[in-house]
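All remarks here apply to the structure that follows.
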Amino acid sequence: MAALLTAQPGHAQTVTRLDAVSAPQAVDSTTQTQDVTFRKDDGDRMTVPVRVSGTGPFRFVVDTGADRTVVSRQIVQRLRLRSGPVASLHSVTGVDQVGTALVDRIDLSTKRMNDVNAAVLEAEHMGADGILGTDSLKSQRVQFDFGRNLLSITPSRMAWRDEPGTIVVKAKRRSGRLIVTEAYANGRPITVVVDTGSDVSIGNAAMKAMLEHRRMLRQRGTIELMSVTGAKLSGEYTMLRQLELGGVTLTDLAVVFADAHTFAQMNLNDRPALLLGMNAIRAFDKVSIDFANKKLRVLLPTSSEKLITSQLAER
């Protein structure tokens, strides 16, 4: 089984990842805020209860790095879902041709997606019964409240009042994902992709070369990542001294450097880039991801040895 270092050296977790293909229908954006209780899985990711074709609930990973909903082969067999066409699936290890299943509806509390052509993968490789991707959230604002274990889904067009201590980071959107370009690793500019489906942050070869050139990197060891298809990818892990996002700086962040296919898929191979995983995102009390308005909001904890606010006074 593939093991992956998370926030603490020596603490191993299994990793699963998805960067997928086309999308089913988006969730209705006319309703009001809906709160759903989530819980941590065996890694550091978040799972929410989802009903498939009226049956469940099943545990689905909330993955802002995935652009397509996925169901496990076990669900397909249990519910006798009809097979759909073969589709291309992009993961950290490459592109695979996978089967799909036709699902008449998928319910997340009162939110519903109809007539979903979902990719089918093995539950043991996903570490869950399915994956909820950005296809269902692209017109929404999603907030993760780690203190109360609540996932709030709100239409992006609704008014939003930030809590005291909230930092707003402008972002861009590419392939359905939120990208932060005003980011720095040890003071050097990088591009950051927000990815709640990975329990650790992953850097590309360009970021590694930049930090090594300036002698800002000290390798800790070799490790393996496992994709949702079961394929494995070797990487090197280290502790990044500082990662700055807007006016917030995270310190001593575990990062794995690997030749992930995701970077090539997003045309980020040639520039220093980082997939921001849950080991970084959970440093905050709350994280709001607004796909339509292209904004990332983070609520700072009252105290943290791992987090510094460098520009809070100016805001």
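- Distance alone, capped at 3.5 Å, places no donor-acceptor pair between the N186 side chain and the L211 backbone.
- Counted within 6.0 Å of CZ on R105, heavy atoms from surrounding residues, nucleotides or ligands total more than 12; the atom is thus considered enclosed.
- R82 CZ: 12 or fewer foreign heavy atoms inside a 6.0 Å radius.
- Counting all heavy atoms, side chain and backbone alike, R59 lies closest to A128 at O-CB, 3.5 Å.
- The side-chain heavy atoms of E182 and E244, taken from C-beta on, include no pair separated by under 4.5 Å.
- Under the 4.5 Å side-chain criterion, counting only non-hydrogen atoms from C-beta, N117 is in contact with L102.
- Residues F257 and N204 approach most closely at CD2-O, 3.6 Å, considering heavy atoms.
- Put simply, the side chain of L243 reaches to within 4.5 Å of the side chain of L276, judged on heavy atoms.
- For the pair L240 and M207, the minimum side-chain heavy-atom distance is below 4.5 Å.
- In this structure, CZ in R241 is found 10.0 Å from OG1 in T249, a value given to the nearest 0.5 Å.
- From T69, atom OG1 reaches atom CD1 of I131 across 9.0 Å, with rounding to the nearest 0.5 Å.
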Please step through side chain to side chain contact (heavy atoms under 4.5 Å, CB included) for the pair I289 and L296, ending with a clear verdict. CA-CA 5 Å; I289 302 171; L296 174 70; 4.0 Å; yes

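- In this structure, D285 contributes its side chain and G147 its backbone to no donor-acceptor pair below 3.5 Å.
- Between V95 and H261, the closest side-chain pair of non-hydrogen atoms falls below 4.5 Å.
- The CZ atom of R177 sits 8.0 Å away from atom CG of D195, with the distance rounded to the nearest 0.5 Å.
- Q242 contributes atom CD, which lies 13.5 Å from atom OH of Y184 (distance to the nearest 0.5 angstrom).
- The distance from the CZ atom of F58 to the CD atom of Q74 is 10.5 Å, given to the nearest 0.5 Å.
- Atom CD1 of residue I75 and atom OG1 of residue T55 lie 9.5 Å apart, to the nearest 0.5 angstrom.
- A206 and D270 make their closest contact through CB-C, 4.1 Å (heavy atoms, listed as atom of the first residue, atom of the second, distance).
- Side-chain contact between T191 and L274 is absent, with no heavy-atom pair separated by less than 4.5 Å.
- Hydrophobic clustering of Ile, Leu, Val, Met, Phe, Trp and Tyr side chains at less than 4.5 Å, counting indirect connections, unites L233 with M266.
- The cluster map of Ile, Leu, Val, Met, Phe, Trp and Tyr, joined by side-chain heavy atoms under 4.5 Å apart, puts I281 and L299 in different clusters.
- Taking hydrophobic clusters as Ile, Leu, Val, Met, Phe, Trp and Tyr residues chained together by side-chain heavy-atom distances below 4.5 Å, F60 shares a cluster with L79.
- Put simply, the side chain of V248 reaches to within 4.5 Å of the side chain of F284, judged on heavy atoms.
- Smallest separation of non-hydrogen atoms from M210 and P272: SD-CG, 3.9 Å.
- No hydrogens or angles considered: nothing links the side chains of D129 and S72 as a donor-acceptor pair under 3.5 Å.
- Contact of the F263 side chain with the V193 side chain is not registered, since no non-hydrogen atoms from C-beta on lie closer than 4.5 Å.
- Of all heavy-atom pairs between D145 and K286, the closest is OD2-CE, 3.2 Å.
- Here the closest non-hydrogen pair linking V120 and V98 is O-CB, 4.3 Å.
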